[in-house]
Number of protein chains: 2
Amino acid sequence: MGKPSDAQEKLLQVAFDLIWNNSYGAVSVDQICERARVNKGSFYHFFPSKADLAVAAYEEHWREKQPELDRIFSPQVSPLERLERWCQYIYDRQKQKAEKYGHVCGCPYASIGVELATQDEKIRAKAEELVERNIRYVESALTEAQRQGLVSIDDPKVAAERVYAVALGMVLHAKVRNDLGPLRQLQPTIMDLIGAKAVAA
Amino acid sequence: MGKPSDAQEKLLQVAFDLIWNNSYGAVSVDQICERARVNKGSFYHFFPSKADLAVAAYEEHWREKQPELDRIFSPQVSPLERLERWCQYIYDRQKQKAEKYGHVCGCPYASIGVELATQDEKIRAKAEELVERNIRYVESALTEAQRQGLVSIDDPKVAAERVYAVALGMVLHAKVRNDLGPLRQLQPTIMDLIGAKAVAA
DNA sequence: ACCCGACTTGACTGGTCAGTCAAGTGGTTT
DNA sequence: AAACCACTTGACTGACCAGTCAAGTCGGGT
């Protein structure tokens, strides 16, 4: 197969990083190619357009991060502890990015979704899909927590959307303030919201 | 004064609308000028750069919308009803935009803030400022509600940030899904979150 | 040994971008 | 009536944009 290389994978990773740290509109195909050390022609051999690359890059990023979410939401630990771990994961991830780049980078799915929801239907749909997949994790924990009488919620599906909205909102607020402060309220707010009867250490 | 006109005001309004419906990066100075029927030279007579125009446009938009927020949060009505009205206002506004343009447009301040927080400090700071001003309204209602024993919260400042995060998150979710559905949970979620003891009609 | 086709190379296109500029225009001030 | 200056006009610049293309290069299948 000619000259196989890691060009495609490199493009996906570089594109995701650049778009997350900046924005879709502010990152050019030339920039992505340069950073990935790939020629323009190769780019368009793999992807029909910049938008298609973005969709593929975000799907690939999910694929890579999914095992970590599976671990966080492992049925091995109690449902409330899963949520607690998830809050910690969000904080740690934002902190790591903020220290590395000097800016709070926010939720990658939400950022590209908000930027392009009204302009590019393919990207909007992918962002929606990724957000919904995240909500499913929260929902599973809440369903189990409800069964165990650990929380006072009605519909776990609705409660999961509420909980996820808190996370989205606080991460967004942190990005706009460029300050991780608001994220310290994430766990207590969520626990209050679902009426958690006991919070693990 | 030569040929005074409404050019400046027109630019501010057109810029705000275009950026809200699309995004900062997707809207060009040429587009703004064309829609506002203003020449490029006039644009740069009033504003040193596209970013400066955006900052001015968002400040101007706040100035125009502030009386409506003052009305919603009028001390004439009970604190909980103010929050209820505010939720309704958010929903109505999003619905109106969605019907007019076929897309859920989201929160204008949050959208531009998320898009440019890591790239343009002046715009990030303005978005932060506008968000904080909104939070102050919520905080004032919560402070009064607490004094009247209508809610069970600790620090009204913290509670206001929590409440606002729910709003930000749900509006964001609605934009990414291009569906107003999530917003129907806004009021009940907020009332649950602050432990509202009574909800007005 | 040969060819096929996945992949690479880098120059190229036409259009658009933010921002500049020099020459006006006309109301106001003196 | 003359000078001033806020504002207008529209052509212009050079950089950059997404995307194209034709000519390769080389591993694998036959």
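By convention in this document, chain letters (A, B, ...) are assigned in the order of the sequence lines, proteins followed by strands, and residues within each chain are numbered from 1. Keep in mind that what you see is a predicted model, and the values were worked out from it rather than measured. Quick note: numbers below take in every heavy atom, side chains included, and nothing from hydrogens, waters or symmetry partners.
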Whole Å only: how far is the CG atom of A:L18 from the P atom of D:dC17? 12 Å
For A:K10 and C:dT8, give me the distance from atom NZ to atom P, rounded to whole Å. 12 Å
Check ring-ring contact (aromatic ring centres under 6.0 Å, His included) between A:Y58 and all other residues, then give those that pass, not counting sequence neighbours. A:F16
What's the CD-P distance between B:Q31 and D:dC17, to the nearest Å? 18 Å
Between C1' on C:dC7 and CZ on A:F47, what's the gap in Å once rounded to a whole number? 13 Å
Distances under 3.5 Å between protein N/O atoms and the N/O atoms of nucleotides 19-23 of chain C, please, pair by pair.
{"from": "C:dG19", "atom 1": "OP2", "to": "B:Y44", "atom 2": "OH", "distance (Å)": "3.1"}
{"from": "C:dG19", "atom 1": "OP2", "to": "B:K50", "atom 2": "N", "distance (Å)": "3.0"}
{"from": "C:dG19", "atom 1": "N7", "to": "B:K40", "atom 2": "NZ", "distance (Å)": "2.8"}
{"from": "C:dG19", "atom 1": "O6", "to": "B:K40", "atom 2": "NZ", "distance (Å)": "2.7"}

Map B:Q8 and A:A26 onto DNA chain D by nearest heavy atom, then report which one ends up closer to the 5' terminus. B:Q8
Ring pair (Phe, Tyr, Trp, His ring centres under 6.0 Å) pairs, two or more places apart, involving residues 113-136 of chain A: none
Closest of C:dT8, D:dC7, D:dG10 to the A:H45 side chain is C:dT8
Grab the CD-C1' distance between B:E34 and C:dT16 for me, whole Å please. 13 Å
Could you work out, with side chain to side chain donor-acceptor pair (under 3.5 Å) as the rule, every residue matching B:Q185, not counting sequence neighbours? A:R162
Does A:N39 make a side-chain N or O approach to OP1 or OP2 of C:dT8 shorter than 4.0 Å? no
Using OP1 and OP2 only, check whether a side-chain N or O of B:S28 sits under 4.0 Å from C:dC17. yes
Set of salt bridge (Lys or Arg N to Asp or Glu O under 4.0 Å) partners for A:D30, sequence neighbours left out: A:K40
Applying salt bridge (Lys or Arg N to Asp or Glu O under 4.0 Å), can you list everything that pairs with A:D179, at least two apart in sequence or on another chain? A:R177
Six-ring centre of B:Y109, B:K126 cation under 6.0 angstrom, axis tolerance 45°: no
